Amino acid sequence: SFVKNHLRSSFIQRKLSGREKREMQREILSILGLPGRPRPANGGQFPSSAPLFMLDLYHAMCSEEEDDGGQGVSRPLFTTLSTQSPPLGAVISEADTVMSFVNMVENDRDIFHQKPYWKEFKFDMTQIPTGESVTVAEFRLFKTRSFSRQFNRTLHISIYEILREHANRQPELTLLDHESIQAGDEGWLVFDVTAASNHWLLNSKYNSGLRLYVENDDGQSIDPSLAGILGRRAPRSKQPFMVTFFRASKNQIRSTR
Amino acid sequence: AIKQLKKRQQKKHSDLPHPNKLPSVFDHIHVPDGRQVCKRHELYVSFRDLGWLDWVIAPQGYSAFYCEGECSFPLDSCMNATNHAILQSLVHLMKPESVPKACCAPTKLSATSVLYYDNNNNVILKKHRNMVVKSCGCH
């Protein structure tokens, strides 16, 4: 009877006073590492690709916490066309923070310039959490069916980090990842951009963005838009974004509260 | 010392100050009348009530437990506090000036995750391990 009475201990819900409420708000913001409450310009504008993807991640994390098994997340997240991208289960389990970045800039090859065609993307990584290191960074793009009628044609998509830009010549690039898909395929493409995000974290002034090229089997350059690659002007739920997984460094000391 | 305590305890065993009070050899000494033994409470933090849903995407709120009151450890059958705390209680009883009372501490913590926008419309998912108290030493 002791155990029975004891487990049925009282759960009291009381209304907080104004001061307690303000203190609690400050405490929650402090735990989240925020100086004040964020004021997103377009907050709550659903559906958009990055928040939807992050919500999917959130649900996966919550179900993992409920299971409490530590087996990792096995649920597919934003089913992708990419065959090379590893399952995110272990990455999600180990992550302390996940951030999605909105594409800030999107440049296309100037129509007066010679081929090849390309498309550039840029993400602002200046406001990243302190004391955490990147484990994985992914660039996610949506591809619709190609506008060409040759749907079974293979397309080779490559993502480069722009190392340095020059005024009158091509920028210095380094290959990050590539993917080969059918022109008729439709869905999300995932590219590993971990190396680039690590560079940008170390030195944000060298963040010149990512450049994308599309080629066919003959090595001919294809206009990314004609290949079905969607950009900033796409529907909100299909816009490109970058997602980065962070892990807190082990020697990080949490202050006593 | 325990023998003496047990004798004295038998006299006052019937007048427990609180219905949730745990049976303890220290009852009449450690927890004087009017004081509460440790009780478990639930606190619900509502992001909706705080008016934060313009930047917090999920969850709408979360509940956590906290304990309030003094620990009182049963030394007989239902002993679920750590031996260390029980020992500290005993030593405190003998040398109250040099050894403090055992305080209630969380024994089971779970993770919680928060999904929110930052000022630049980026979305952050933050996982806090060992954040929500599920039980404490007395329970």
Side-chain angles (χ1 to χ4, degrees), chain A residues 2-3 5-14 16 21 24-25 28 31-34 37-46 48 50-51 53-55 57-59 61-62 64-66 68 92-93 95-102 104 123-129 241-243 245-246 248, chain B residues 18-23 37-47 49-59 61-63 65-69 74 76-78 80 108 110-132 134-136 138-139:
Chain A
F2 159 71
V3 173
N5 288 334
H6 190 58
L7 290 177
R8 203 174 356 115
S9 67
S10 56
F11 298 127
I12 298 167
Q13 287 198 30
R14 67 185 173 87
L16 296 173
K21 203 170 170 179
M24 192 179 72
Q25 289 181 34
I28 296 169
I31 289 169
L32 293 170
L34 300 168
R37 54 163 295 180
R39 307 263 177 200
N42 304 311
Q45 272 194 17
F46 268 71
S48 185
F53 174 82
M54 296 294 280
L55 199 58
L57 267 185
Y58 168 82
H59 290 307
M61 260 191 188
C62 289
E64 186 204 15
E65 282 159 21
E66 279 166 20
D68 206 23
I92 298 167
S93 300
D96 294 299
T97 306
V98 188
M99 269 185 92
S100 70
F101 297 91
V102 176
M104 310 287 287
F123 306 93
D124 180 8
M125 287 186 74
T126 51
Q127 293 195 348
I128 49 107
F241 64 95
M242 192 173 89
V243 59
F245 297 80
F246 297 93
Chain B
H18 193 279
N20 281 341
K21 197 170 184 348
L22 314 179
V37 290
C38 190
K39 277 173 74 180
R40 193 168 61 164
H41 301 276
E42 188 180 20
L43 173 74
Y44 185 75
V45 178
S46 170
F47 292 134
D49 290 351
L50 292 173
W52 281 4
L53 289 188
D54 60 330
W55 66 277
V56 177
I57 302 169
Y62 67 92
S63 56
F65 296 105
Y66 69 95
C67 297
E68 196 175 47
D76 44 15
S77 54
C78 306
N80 59 5
K108 192 183 173 193
S110 67
T112 186
S113 303
V114 185
L115 183 67
Y116 60 95
Y117 284 102
D118 69 5
N119 290 323
N120 299 329
N121 271 15
N122 297 323
V123 180
I124 301 168
L125 173 57
K126 212 161 189 131
K127 182 180 185 176
H128 296 278
R129 297 168 202 275
N130 302 327
M131 183 57 72
V132 178
K134 290 290 179 189
S135 64
C136 62
C138 301
H139 297 273

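Naming: A, B, ... by sequence-line order, numbering from 1 per chain. These figures come from a predicted structure and were not determined experimentally.
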*Asks:* Considering all heavy atoms of both residues, which atom of Tyr58(A) and which atom of Pro59(B) are nearest to each other, and what is their separation?
*Replies:* OH-CB, 3.2 Å
*Asks:* Look up atom CG in Leu125(B) and atom CZ in Phe245(A), then write down how far apart they are to the nearest 0.5 Å.
*Replies:* 9.0 Å
*Asks:* Output the distance between atom CG (Leu34(A)) and atom CD1 (Ile124(B)), rounded to the nearest 0.5 Å.
*Replies:* 7.0 Å
*Asks:* Can you tell me how far the CZ atom of Phe246(A) sits from the NZ atom of Lys127(B), to the nearest 0.5 Å?
*Replies:* 16.0 Å
*Asks:* Could you check whether any side-chain heavy atom of Phe241(A) comes within less than 4.5 Å of a side-chain heavy atom of Val123(B), counting everything from C-beta outward?
*Replies:* no
*Asks:* Any side-chain heavy atom of Ile57(B) sitting closer than 4.5 Å to one from Leu55(A)?
*Replies:* yes
*Asks:* Please report the shortest heavy-atom distance between Met61(A) and Ser113(B), naming the atom on each side.
*Replies:* SD-OG, 3.8 Å
*Asks:* From the options Val56(B), Asp54(B), Leu50(B), select the one residue that forms a side-chain contact (heavy atoms from CB on, under 4.5 Å) with Arg37(A).
*Replies:*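 When side-chain contact (heavy atoms from CB on, under 4.5 Å) is applied between Arg37(A) and each of Val56(B), Asp54(B), Leu50(B), only Asp54(B) qualifies.
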*Asks:* Testing the basics here: between Ser100(A) and Asn122(B), what is the closest heavy-atom pair and its distance to 0.1 Å?
*Replies:* O-CB, 3.1 Å
*Asks:* Taking the side chain from Asn119(B) and the backbone from Pro38(A), do they hold a donor-acceptor pair closer than 3.5 Å?
*Replies:*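 Side chain of Asn119(B) to backbone of Pro38(A): no pair is present.
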*Asks:* Find the distance between CD1 (Ile28(A)) and CZ (Phe47(B)) and round it off to the nearest 0.5 Å.
*Replies:* 5.0 Å
